[in-house]
Amino acid sequence: MTQLDVRPPAGDTVSGVAEGGDIRGKGLGKGSVGLVGSAVIGISTVAPVYCLTSTLGSTAGEVGVQMPAVFLAGFLPMLLVAFAYRELNKAMPDCGTSFTWTVKAFGPRLGWMCGWGLVIATIIVLSNLAGVATSYFWLLLGEITNNPSIAALDDNKLVHIATCLTLIAAATAISYRGMTATKGVQYALVGLQLAVLAIFVAMAFQKASAGSFDTGLDFSWSWMNPFAVESMAAFTAGLSLSIFMYWGWDACLATNEETTGSAKTPGRASLIAMVVLVGSYLATGVAAQMAVGSGGKGLGLANPDTSDNVFAALAGPVMGPVLGITLFVAVLASATASLQTTFIPVARTVLAMSTYEALPPSYAKVHPRFKTPGRATVMAGVATGLFYTVMTLVSENVLTDTIFALGLMICFYYSLTAFACAWYFRKELTRSGRDLLFKGVFPVLGGLLLAAVFFKTLFDMWDPAYGSGSTVLGVGSVFIIGVGLLALGLIIMIITERRSPAFFRGEVLTKETPALVVED
């Protein structure tokens, strides 16, 4: 199948669909990223060290010693959905990914909501990344200077928010300058965090074998049994956190129009990223649990005083005062690197939505020099800063509750994309066993698993005890955040439909609309 590649006239920096239905390119920098660079972007967006320090303790608190099993359980639906992304990308490489593919499969309204789910999930995680990076910035300065009063500056809301906004602005500026600048920074930051994580794992195993901590545990294969979790509610909560820990690998696909071999390379890169992530999570989870245990006392991972920032508590005891500082550096590098790359999927989704008239046309503008969706990138930065500032001022438990709400958003748009794959390729499923498995069975299974987590989480989060325990009029704040943001999407969609009726009538983006980028 031949795919169109009709470039805009010289000097024209607005992408879109030309009059008469002809397709023209979005103007992104083609061929900027290869296989390794794409995989690095996927790993960086997930931010494994940041995810571990933020959710290792929370997951242990929910499921106890079954934490490694829940990590594996969270990996399964993500792997199945990754096959759906790979097949959809082969057929139609488009930086709008979930939005574009779901519109083609299910129509404009469901596709728009899928795009909204991706955008708002990204804004949530960007705000959390900025918060963690800020906290570790002041913690690191306190460790280096051996001055607790400097580390304590993070407790000052004004200082914390100001630092956070500065980091968001810096990450926005780097992403604005294009994939070449992004890629160069990422190699160093991803390499650093994976190397330090490997050292932590090795030293944790060493401490465990020496019995250095009273709360340590002997390894047991029963830790890999997800059916040993005490309750379904606990398993669902742990699984939601585990799914969050894998979120972001699809950034590899968001750069498909800028990747060499756009039909195949992004899918391969996403699978490489997934393997690296699950290996890192299992090794770290098992090593930490053997070293300090998963209980709620002392250095135990589930200790409520340290569970929201595990590495801050374990850095010194496990790695010593000197090497422990490198773990602080790794968390800061992880959060900072992800803060930068996470702008990629949201900006390119907004670009695609604008290109296909699902959002105002101003967001379809691409910078003539950097070949990036400049206005969409700036919009994402501003939205992130506003969201984090408001949530920090409203709730002291913003980090915990938004992470739990994020799991709902992730399940929402990933499951829709998985179902879109099976429906889009429904006439091809009987052609071969491969088509049946990779275009039908695997995506549907992944979508069903994530949909089940979505509805179970939706039910559980009504309880104020879910998440941080904060309430709004007797309802859990996680429910308010999650459902409120989805409802906000519906309202914005209704407003947009009045301003852009052609898209919602199905006149702009259809199943027959050709892909914008041709293979090299």
Side-chain angles (χ1 to χ4, degrees), residues 43 46-75 132 135-136 139-140 143 189-225 238 241-242 245-246 275-335:
I43 295 169
V46 175
V49 179
Y50 151 75
C51 286
L52 285 166
T53 195
S54 297
T55 58
L56 199 63
S58 300
T59 307
E62 294 290 348
V63 301
V65 294
Q66 263 58 56
M67 175 182 58
V70 172
F71 286 169
L72 283 173
F75 172 71
V132 170
S135 295
Y136 268 87
L139 283 171
L140 180 60
E143 288 289 321
L189 294 180
V190 170
L192 171 65
Q193 62 178 297
L194 291 180
V196 174
L197 191 61
I199 295 172
F200 172 82
V201 169
M203 297 190 74
F205 277 129
Q206 183 183 36
K207 296 288 185 180
S209 63
S212 301
F213 308 109
D214 294 337
T215 54
L217 300 171
D218 293 329
F219 174 78
S220 172
W221 284 108
S222 65
W223 296 354
M224 304 297 174
N225 179 16
L241 287 166
S242 177
M245 293 176 70
Y246 291 103
V275 170
V276 172
L277 291 168
V278 71
S280 301
Y281 291 160
L282 282 177
T284 305
V286 170
Q289 195 157 269
M290 288 178 64
V292 300
S294 59
K297 297 181 179 180
L299 289 175
L301 297 176
N303 186 328
D305 295 329
T306 59
S307 62
D308 61 343
N309 198 344
V310 167
F311 287 153
L314 297 184
V318 172
M319 301 181 71
V322 178
L323 284 177
I325 293 178
T326 65
L327 191 54
F328 284 85
V329 174
V331 176
L332 178 59
S334 180

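For the single chain, residues carry numbers from 1 onward in sequence order. Since the structure is predicted, the reported quantities are computational estimates derived from the model, not experimental observations.
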Quiz item: How many angstroms lie between atom CE of M203 and atom CG of L327, to the nearest 0.5 angstrom?
Solution: 10.5 Å

Quiz item: Which atoms form the tightest heavy-atom contact between L301 and A60, and what is the distance?
Solution: CB-CB, 3.9 Å

Quiz item: If you look at every heavy atom in A313 and L299, which pair is closest and at what distance?
Solution: O-CD2, 3.9 Å

Self-check item: Nearest heavy atoms of G74 and Y246, plus distance in Å
Solution: C-CE1, 3.8 Å

Quiz item: For F71, which residues count as a ring pair (Phe, Tyr, Trp, His ring centres under 6.0 Å) partner, sequence neighbours excluded?
Solution: none

Exercise. State the CG-OG1 distance between L314 and T53, to the nearest 0.5 angstrom.
Key: 8.0 Å

Self-check item: Result of checking L139, V331, V132 against N309 for side chain to side chain contact (heavy atoms under 4.5 Å, CB included)
Solution: L139

Self-check item: Expected output: side-chain S54 to main-chain C51 donor-acceptor under 3.5 Å
Solution: no

Could you give the side-chain donor-acceptor pairs of residues 282-295 under 3.5 Å, partners two or more places apart or in another chain?
{"from": "T284", "atom 1": "OG1", "to": "S280", "atom 2": "O", "distance (Å)": "2.8"}
{"from": "Q289", "atom 1": "NE2", "to": "V65", "atom 2": "O", "distance (Å)": "3.1"}

Quiz prompt | Atom pair CE (M67) and CE (M224), whose distance is rounded to the nearest 0.5 Å | solution = 9.5 Å

Quiz item: Taking only residues two or more places apart in sequence, or in another chain, which ones meet F205 in a ring pair (Phe, Tyr, Trp, His ring centres under 6.0 Å)?
Solution: none

Quiz item: Can you tell me how far CG of L332 sits from OG of S135, rounded to the nearest 0.5 angstrom?
Solution: 10.5 Å

Quiz item: Would you find more than 12 non-hydrogen atoms of other residues, nucleotides or ligands less than 6.0 Å from D214 atom CG?
Solution: no

Quiz item: Which residue pairs satisfy the side-chain hydrogen bond (donor to acceptor under 3.5 Å, both in side chains) criterion with at least one member in residues 315-331, sequence neighbours excluded?
Solution: none

Self-check item: Nearest heavy atoms of L52 and M245, plus distance in Å
Solution: CD2-CE, 3.6 Å

Practice problem: Would you confirm whether N303, through its side chain, and K297, through its main-chain N or O, come within 3.5 Å as a donor-acceptor pair? | Solution: no

Quiz item: Less than 6.0 Å separating the ring centroids of Y281 and F75?
Solution: no

Quiz item: Where is the tightest heavy-atom contact between A333 and L192, given as atom of each residue plus distance?
Solution: CB-CD2, 3.8 Å

Practice problem: Using the side-chain hydrogen bond (donor to acceptor under 3.5 Å, both in side chains) rule, collect all pairs that involve residues 189-199, keeping only residues at least two apart or in two chains. | Solution: Q193-S334

Quiz item: Does any N or O in the side chain of T59 come within less than 3.5 Å of the main-chain N or O of T55, such that one atom is a donor and the other an acceptor?
Solution: yes

Quiz item: Which residue pairs pass the ring-ring contact (aromatic ring centres under 6.0 Å, His included) test when at least one of the two sits in residues 300-333, sequence neighbours left out?
Solution: Y136-F328, F200-F311

